[in-house]
Amino acid sequence: NYWKVLKHKLTKEGSNQTVTNCNQLKILASDGKMRLTDCANTRNLLRIVQSIPSKNAEPFKVWLAEVGHDRIQEIQNPELAQDRAKKYYELKGYPQDWIDKRLRSIAVRQKLTEEWDQRGIEKGGEYAILTNEIAKATFGISIKQHKQVKELDPKFKNQNLRDNMTDLELIFTMLGEAATTEITQERDSQGFKENKDAAKTGGDVAGIARKKLESETGKKVVSKSN
């Protein structure tokens with residue numbers, strides 16, 4: 001019933017909201033057949049929960065309010081976001097030295113994406129292509145191939161490759177992205193094509209360093225370990 005109410009509300013709010021937010025997907029039913037079933041994404045499931053008057057939903061509503069409060073605080077003070085990220089990684093059992101590198105890699109990544117934002121790069125597809133260019137030049141394989149080495153299941157899209165990287169993989173990722181940022185600024189790259197060239201060149205800097213280390217140690221940097 002709450003789902004029906006939400007669909008009606010979405011229809012009133014905008015023209016085709018129900019098309020994008022209220023899809024039916026084929027899901028295995030109790031009779032063993034694949035049947036069309038009403039499905040919602042995370043955003044709309046949370047809206048449904050918020051509409052439920054039952055006291056049993058109250059603890060979840062309180063949690064949602066806390067999450068919203070935390071997000072507003074992070075907007076006002078970005079350092080809080082980094083502190084919370086650190087706590088999340090600690091709760092997941094990551095070692096402290098790895099956490100320090102991961103947080104540093106986030107800062108390096110943000111600096112690069114800030115440059116892309118200012119240079120006409122579209123978030124989403126173009127970001128992904130440029131990131132993949134850096135990765136290919138750095139490690140000699142694409143992000144998809146790197147995930148396969150780590151044995152990350154592609155159906156779980158929330159599995160972050162960087163959260164499964166070793167110390168060295170993180171370090172070379174940072175080098176590739178930091179080099180790309182410097183090269184982008186020096187060249188004053190504008191638009192997708194020029195930034196793609198800068199991304200490849202930045203990745204090449206990290207790739208040369210990786211190959212040098214591998215020749216000295218006899219070990220591959222890209223590893224199944226995570």
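Remember, it's a predicted structure, so these values are computed and weren't measured experimentally.
- Here the straight-line distance linking atom CD of E74 with atom CD of E79 works out to 12.0 Å at 0.5 Å rounding.
- Using a 4.0 Å cut-off between charged side-chain N and carboxylate O, K220 and E169 make no salt bridge.
- The two residues T138 and G176 have their closest heavy-atom pair at OG1-CA, 4.1 Å.
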- request: Starting from the C-alpha separation in whole Å, work towards a yes-or-no answer on side chain to side chain contact (heavy atoms under 4.5 Å, CB included) for T166 and L170.
  value: CA-CA 6 Å; T166 62; L170 274 178; over 6 Å; no

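- In terms of hydrophobic clustering, with Ile, Leu, Val, Met, Phe, Trp and Tyr side chains grouped at heavy-atom distances under 4.5 Å, F139 and L175 are assigned to a common cluster.
- Residues I141 and V221 share a single hydrophobic cluster, defined by chaining ILVMFWY side chains whose heavy atoms lie under 4.5 Å apart.
- In terms of modelled atom types and a separation under 3.5 Å, the side chain of E115 and the main chain of Q185 share no donor-acceptor contact.
- One hydrophobic cluster holds both L112 and F192 under the rule that ILVMFWY side chains link at heavy-atom gaps under 4.5 Å.
- With hydrogens and angles disregarded, a donor-acceptor distance shorter than 3.5 Å links the side chain of K150 to the backbone of N164.
- A distance of 9.0 Å separates OG of S189 from CD1 of I121, quoted to the nearest 0.5 Å.
- Between R84 and Y88 the shortest side-chain heavy-atom distance falls below 4.5 Å.
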Audit row: V149, Q145, side chain to side chain contact (heavy atoms under 4.5 Å, CB included) steps and yes/no: CA-CA 6 Å; V149 172; Q145 291 170 323; 5.7 Å; no

- request: List the steps and the verdict of side chain to side chain contact (heavy atoms under 4.5 Å, CB included) for D117 and K123.
  value: CA-CA 8 Å; D117 284 341; K123 292 182 179 179; 3.5 Å; yes

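- The aromatic rings of W63 and F60 sit tilted relative to each other, their planes meeting at an angle between 30° and 60°.
- Counting all heavy atoms, side chain and backbone alike, N56 lies closest to P59 at O-CD, 3.5 Å.
- The structure places CG of L130 at 9.0 Å from OG1 of T180, a figure rounded to the nearest 0.5 Å.
- Distance alone, capped at 3.5 Å, places no donor-acceptor pair between the N44 side chain and the R47 backbone.
- A salt bridge is absent between D100 and R104: the closest approach of a Lys/Arg side-chain nitrogen to an acidic carboxylate oxygen does not fall below 4.0 angstrom.
- Taking 4.0 Å as the cut-off between side-chain N and carboxylate O, D188 and R119 count as a salt-bridged pair.
- In this structure, CE in M174 is found 13.5 Å from NZ in K111, a value given to the nearest 0.5 Å.
- Both Y89 and L152 belong to a single network of hydrophobic side chains, linked directly or stepwise wherever heavy atoms of I, L, V, M, F, W or Y lie under 4.5 Å apart.
- To the nearest 0.5 Å, atoms NZ (K92) and CG (D163) are separated by 5.5 Å.
- Under the 4.0 Å criterion applied to side-chain N and carboxylate O atoms, E177 and R109 are assigned as salt-bridge partners.
- Here the CG atom belonging to L168 is positioned 9.5 Å from the NZ atom belonging to K219, to the nearest 0.5 angstrom.
- Around the CD atom of Q96, the shell of radius 6.0 Å holds more than 12 heavy atoms that belong to other residues, nucleotides or ligands.
- Salt bridge D83/K87: absent, no basic N to carboxylate O contact under 4.0 Å.
- Ion pairing between K136 and E133 holds under the 4.0 Å rule for side-chain N and carboxylate O.
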| said: Go through it in stages, so that I can follow the logic: the residues are R162 and T173, the test is side chain to side chain contact (heavy atoms under 4.5 Å, CB included), and I'd like the CA-CA distance, side-chain angles, deciding distance and then a yes or no. | reply: CA-CA 9 Å; R162 299 181 194 218; T173 296; 3.5 Å; yes

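- A donor-acceptor contact shorter than 3.5 Å links the side chain of N195 to the backbone of G191.
- Taking hydrophobic clusters as Ile, Leu, Val, Met, Phe, Trp and Tyr residues chained together by side-chain heavy-atom distances below 4.5 Å, I106 shares a cluster with I143.
- In terms of heavy-atom proximity, K61 sits nearest to I52 at NZ-O, 2.5 Å.
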